[in-house]
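Here's the structure we're looking at; comments come further down.
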Amino acid sequence: MPKKPTMRRGKPAPGPGKRRRHGPRLPTAMRRELDAMGPGPARGSDDDEGSDAGAEDVYEYEEGVPEEEAGKNGRYDDVAKYEYEFDSDASDADEDVPSEEGEDMEEDDIDDGDDEEKQIRILQETTGMPREAFDGKKRKQALELPLQHGDRDGPVTIHDLLDNIQGKPGYSKVRKRLQQQEKKTMTVLAPLPKVERDKIERKVAYKASNKELTKWESRVKMNREAPTLTFENDTNLGVNTVAAIASEFKPRTEFEKRIAEITQSAEIMEAHKNDGARILELNKIDVEDVRERQNRLAKMRSLLFRHEMKAKRVKKIKSRTYHRMLKKDRLKAASADIEADPEAVKEYARKQEFERAEERMTLRHKNTSKWSRRIIERGLTVQDEGTRAAIAAQLQKHAHLTRKMNSTKDDSSSEESSDDNEDESDSEAKILNRGKEKILKILEEDNEIPNSGVFSLPFMERAMKKREEATYEEAQQALEEYDDSLRKLEDNDTEHNEDSYKVAGKRTFGPVKNAHEEVKKRKLEDTENSSDSEYDSDTARHEVITKHDDIQPGSALLDDEPQNDLYKSFSDIIKSPGPKTTFEVGLLAGDSWKKVKSTKGNGQSNVNDSNNKSKMPVPSMVDPKLKQQDHNSDSDSEEDMVEGFLTISDRKEKYELPSQADLIRQAFAGDDVEAEFEKDKMDVLNEENPEPEKPALVPGWGQWTDIQQKKGLPSWMLKEHEIAKRNREEALKTRKDSKLKHVIISEHVDKKVEKYLARNLPFPYTSKDVYEQSIRMPIGPDFNPTTSVSALTRPAIVKKPGVIIKPIQYEEVNPHEKPNELKRVIQRAFPNPNAKKASAKQGKRVTTQKRK
Amino acid sequence: MASARLDTEKVKQDAQDELEMKVAKYSRGKGADLKVLRDKKLKAQLTAREKLYGKSAKDAAMTDKWLMPTEGGFLEPENDLEKSYRFKQDDVLKEVDLLSSTKPFDMILPVLGPYTIEYTSNGRYMLVGGRKGHLAMMDMLNMDLIKEFQVRETVRDVTFLHNEQLYAVAQKKYPYIYNRHGTEIHCLKEHGKALKLQFLTKQFLLASINSFGQLHYQDVSTGEMVANYRTGLGRTDVMRVNPYNAVIGIGHASGKVTMWKPTSVKPLVTMLCHHGPVTAVAFDRGGHLMATSGVDRKIKIWDLRKYEVVHSYAARAQSLDFSERGLLACSNGSQVEIYRNVGGHDSKLYMKHRMMKGYQVGKVLFRPYEDILGIGHSMGLSSILVPGSGEPNFDTFVNNPMETTKQKREKEVHALLDKLPPETVMLNPNMIATVRAPKKKEKKTKKEIEEEMEDAIEAAKNLERKKKTKGRSKPSKRAKKKEEDVFRAKRPFLEESKEIEGQPGKKQRVGEKVELPKALQRFAKKPQSS
């Protein structure tokens, strides 16, 4: 095959023979002579250029000297060279028509093959030797053609070869052809117009870029289809520890340099080393010490922890009483401290002073708070007792704090009493006690009688004695009074407690105001009832009772009075005996009812039993007589409780017989029910799909003449009516209840509901079924296990705020592989080591993927 | 050896089947056929989603398997001769565990009866209302009386609101709302003399029917009166809410049962159920079954998907109730009967319980999450054991019988946040978010008309025309014909769009004068010559 020719413009060709063709034409004979003379100096490149100048617009292509021709390589045999030369020339002649070249070749072959063939055949026939031998001979013959170019050192031209075969058969033909070729100018087609060239270029460029882009396809597809894209951030901020920064420190300023010089000087370093070693030596600690220290620390820690836990627990306690007690305890402790330590006394006094000053300044307790102002605004009379008491207490506190104090000592005592002003009785008792003490003191003091002066006079003495006696008596009386009142106070105390509990309790119906009086009254008239409140105050006992409640729900629901009795009965086990009470326990142990009656006297052991067992109380059968009594007592108490609002005179008339009219209505109710229903249904149907109006003419229209009357209604009217009728029937048939005789299902479209329905199919969906199926699953945490909720509710793009979304980078993905994980990481914090990365240039082509 | 292997294989197979069944239950129906989709992106995304759903369902099934191991059992007779309804409470009580044996009780409260009862949705608290004004709330977990008081007037019905903190009581004149401590919070005067109360938990609506047959819906969280409809079917005290879709069913004296929602003036469904007054209505938990009883001595079980009778028993019932697991309790006089499997083919009488003679059972109510039936009767209350009635596994996110205070608060807040608007009450709540059916007489928008017109024009243009002879198929003729066709196709749409724009065909300018015919011109008003 010939080597592909290269196109060049106006360049000197290495083949000198060919060069000549372009100049002014010379006769062939002269040219041949020139050729024979060999390459002259005129064939320099400069000359060439000059000669070519005239034919500038002629494009010509030449070929470089092939290797074979140059004779560089010995592996090419001569024949090959010959053929090559021949061939290339032929192709030179008309490059545009390659097919012609083939023809030429064939022709040539045939031309000089004909004789040879004949010759070979003859030879074969005569000698009987194989054909190959003669073939080779022939080739040899061809080889032996002498080259006549002799002195010329240029390459062999076709003319040289032609000269050799002159006179041989077919020579003329070859020469003719050659001449013809030589006559032709060696032109190359003009370049394509720019538009065309661009088009071709674009085509090629498109192909290239298409290839470039298609490799992204699978990746983009995957990104599109992934339910979640994740963009991670490059969080690597480099080394940022203090030590790392410090290690990189280099002294820059003069000062820093000097310091560095000093600190890093060899001596100092040495000294530091030595010193450090010594320090380390000093640091030697005994194992025992360490252990001890550790133990101590652990102990402290555990103590602290316990304390903390306790504090936490205490803080959580919501009981006011508890906190009150706690406060009292604290104060007591403080007062004990005060008694012991004069320093503490002073401190305390100062504190009190400070508090008073603060109070005077801020008037915090003088109804200035928002709460109290609001209360006052609403009116004190409207408030309940507790609020009023609280207001009063506050005011009292204010008074206490703002009162002028004479001495610190007095302060403290009064303060102490005023501080816990909530239980006045306490302070009252104290006052009383103090009075008592004073009186006793006076009594003691009174015994001394001055022995000299006016007072020593006998009458004076007598009078004094008399007075003394009187005062003694008075004092005694006062003492008694004090004692009395003290005792009373103690009693009152318990009463107060009762009262407060009464207020807090849930079992009171009446207004709370009278609770106190009620309690008093009750106390007076019946000690039994008071035990009720006693029960309340005793939490321990309450627990016992609740335990019983668990087992005996029946009793819990009984009316108030029996319930009280029940509680009483439990409390009585522990406390004072009272009058006989009954309680009822209903427990199912079969179809029959068993009632327990436990009286104070004999029932006690029974209940005790149950107490000890802490199980179901053993119900004992009671004779009906007792039962009857129970009922009576129950009803009595009932009526008491209701206070005449609800008098239950006759308990038997609970279920009245229905009246005669009712009975009749009920008996005949079913008769026309179905017909009625059908009528109803028709009504509803007519309402929703009204029956078309019967076609009728407007009176006076279309009835003027006989003909019109005879014709009847116009056909269009009838038709319209028919259509309307048919439509209605169709509508009725498509109703859900069309086949259900006993059901009317409203077809009415609720407009309010419409806002919860989708108006159109949402965008990417094209099928209603698919859409409705896709929303069938709830995705909330209430309906899915926690393991899948996060996956179900993950957003389409996961990205932390501040993350910069970089241009997409090329990564090779297998397009046929189904992505296993639903989360797709688009931008990794650290590049994926498995994936091949494309160059940044490629990456920039596709900037961002739009996500829908 | 071989048999053992077989056995293990069988067990495995059973477990597998069970799991599959549960997975099917949790995947809530099959996914749509995605092959019809052309959009590859959507297809891929939906496929991924389906995969997730499948995984979630499987997880849920596994969770179900491991975390809800308790199975509810029923009373099972040993042979055919033995009948489960012959078991007395005594017999049952002997067999059950200690904890369950403490639960049944009888309470004789003869004075203020007959009693009605109500449980909270988690089954922990019971509200007791005596006809003569006795109200009490009990903690049924530890049998503790929380509050008991007398309102001193008739109490017709009681109902808890969203939790035990509040409850409504239909009293002599009005319904009242009390709190846990018995403090009166509200008096709902608008409701009038309410006979029956029901609470729609998800919507926070208190529904009542009063003596005039008026149905009221009031939002208890905002206090707003949502709806007030007249049923027009007379006085009734038979009302029940369907737990599935919060539709209210009311039984009437005419034998009808009507179903109502707060946003519809007319009943959604009217069914003729009985030939006499309806005495009781009850709905299954799944919402597909309805039981009604009438004076005509019939108890009917209805399939609410088809509105057809499934079963009809010849029995009377004053009160009906479905348990969580589908048992149906009916009370008749002093007897309580419990049916099992009422929706299926092999429905049968399951248990029977006879109260003391003369006791009139007013209300039967299954206690949620317990195998207990509460009975309110004329002489007090009682509760009996009904094995297999309650849901054995409770979901603490839904209802927690052992709720702590904090959980209760949390749940209350959540419930309020998740409160559904009253419009969401509908017969088929799955309809929400689906594509609405096209309206019949909906006017098309301009854009739609234009689109349709374009389509019609396109169709007219592409119409294949017959080849005709004798010069009638000349290009000019064909072009003309085409133009005509297009115009014909266009015309109806043009008219339609004109109608929408409200422009009459011929618009007469005000100033323009109408030229009268010559004969009539002399009658025209002449312009005043000044």
Side-chain angles (χ1 to χ4, degrees), chain A residues 224-225 227 506 546 549-550 553-554 556-557 586-588 590 593 635 638 642 645-646 648 651 654-655 666 669-670 673-674 676-677 740 742-746 748 750 752-754 756-759 761 764-777 782 784-785 787-788 791-792 822, chain B residues 28-29 31-32 36-37 39 41-42 44-46 48 52-53 55-56 59-60 63 90 104-111 113 132-133 136 142-145 147-148 152 181 254-255 263-264 266-272 275-277 295-296 307 360 378 382 397 423-424 426 432-436:
Chain A
R224 265 193 198 166
E225 289 171 358
K506 293 170 189 170
T546 47
D549 267 5
D550 286 353
L557 253 181
L587 252 206
L588 180 93
W593 275 81
S635 62
E638 199 64 67
V642 174
F645 273 88
L646 194 93
I648 299 149
R651 295 194 282 112
K654 254 172 226 154
Y655 282 95
Q666 277 186 12
V673 160
E674 266 177 23
E676 213 173 87
F677 188 80
L740 300 165
H742 54 270
V743 181
I744 308 169
I745 301 171
S746 169
H748 177 250
D750 193 352
K752 280 178 184 167
V753 176
E754 263 176 14
Y756 296 112
L757 304 180
R759 194 181 280 264
L761 210 54
Y765 293 96
T766 45
S767 144
K768 197 182 162 199
D769 281 348
V770 172
Y771 167 66
E772 276 168 14
Q773 284 298 309
S774 76
I775 59 165
R776 77 182 194 280
M777 275 284 269
D782 291 359
N784 287 296
T787 46
S788 50
L792 280 169
L822 298 153
Chain B
R28 291 172 171 86
V36 295
L37 285 180
D39 187 347
K41 185 178 160 190
L42 178 67
Q45 282 182 346
L46 284 182
L52 267 182
Y53 289 159
K55 201 174 148 280
S56 175
D59 283 357
T63 320
D90 272 344
F105 64 86
D106 272 327
M107 219 177 276
I108 303 295
L109 305 160
V111 186
K132 292 195 173 118
N142 42 23
M143 290 295 196
D144 201 5
L145 179 69
K147 180 67 197 175
E148 183 188 28
R152 292 164 183 166
H181 309 297
S254 53
T263 54
S264 165
K266 289 278 156 63
L268 297 173
V269 180
T270 312
M271 300 166 74
L272 183 65
H275 283 276
V295 179
D296 59 349
Y307 300 99
Q360 292 289 316
S378 56
S382 56
F397 285 110
E423 295 92 63
T424 53
M426 52 181 95
I432 290 173
T434 56
V435 181
R436 81 171 183 214

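Chain letters run A, B, ... following the sequence lines, proteins first, then strands; residues in each count from 1.
With a 4.5 angstrom heavy-atom cutoff, B/S56 touches chain A via backbone and side-chain atoms both. Both the backbone and the side chain of B/V435 come within less than 4.5 Å of a heavy atom of chain A. Contacts between A/I775 and chain B at a heavy-atom distance below 4.5 Å involve the side chain alone, from C-beta outward. With a 4.5 angstrom heavy-atom cutoff, A/L740 touches chain B only via side-chain atoms. In this structure, the portions of B/Y53 lying under 4.5 Å from any heavy atom of chain A include both its backbone and its side chain.
In this structure, B/P267 and A/S746 approach most closely via the heavy-atom pair O-CB, 3.5 Å. The shortest heavy-atom contact between B/E423 and A/K752 is CG-CB, 3.6 Å. For the pair B/R436 and A/R759, the tightest heavy-atom approach, listed with the atom from each and the gap, is NH2-NH1, 3.5 Å.
Rounded to the nearest 0.5 angstrom, B/R28 CZ and A/R776 CZ are separated by 9.5 Å. Within the model, atoms CD of A/Q773 and CG of B/L46 stand 11.0 Å from one another, a figure rounded to the nearest 0.5 Å. Rounding to the nearest 0.5 Å gives a distance of 10.5 Å between OH of A/Y765 and CG of B/D39.
Ranked by heavy-atom pairs shorter than 4.5 Å toward chain A, the options B/I432, B/T270, B/T63, B/V269 are led by B/T270. Contacts with chain B were tallied for A/L757, A/T787, A/D782; A/L757 has the most, counting heavy-atom pairs under 4.5 Å. Each of B/T434, B/D59, B/L42 has some count of heavy-atom pairs under 4.5 Å with chain A, and the biggest count is that of B/T434.
B/Q45 places a side-chain N or O within donor-acceptor distance of the main-chain N or O of A/R224, the cut-off being under 3.5 Å.
Considering only residues two or more places apart in sequence or on other chains, A/F677 meets the ring-ring contact (aromatic ring centres under 6.0 Å, His included) condition with none of them.
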> Yes or no on side chain to side chain contact (heavy atoms under 4.5 Å, CB included) for A/E674 and B/L272, after CA distance, side-chain angles and deciding distance?
Replying inline: CA-CA 8 Å; A/E674 266 177 23; B/L272 183 65; 3.6 Å; yes
> Can you check side chain to side chain contact (heavy atoms under 4.5 Å, CB included) on B/M426 and A/D750, steps first, answer last?
Replying inline: CA-CA 10 Å; B/M426 52 181 95; A/D750 193 352; over 6 Å; no
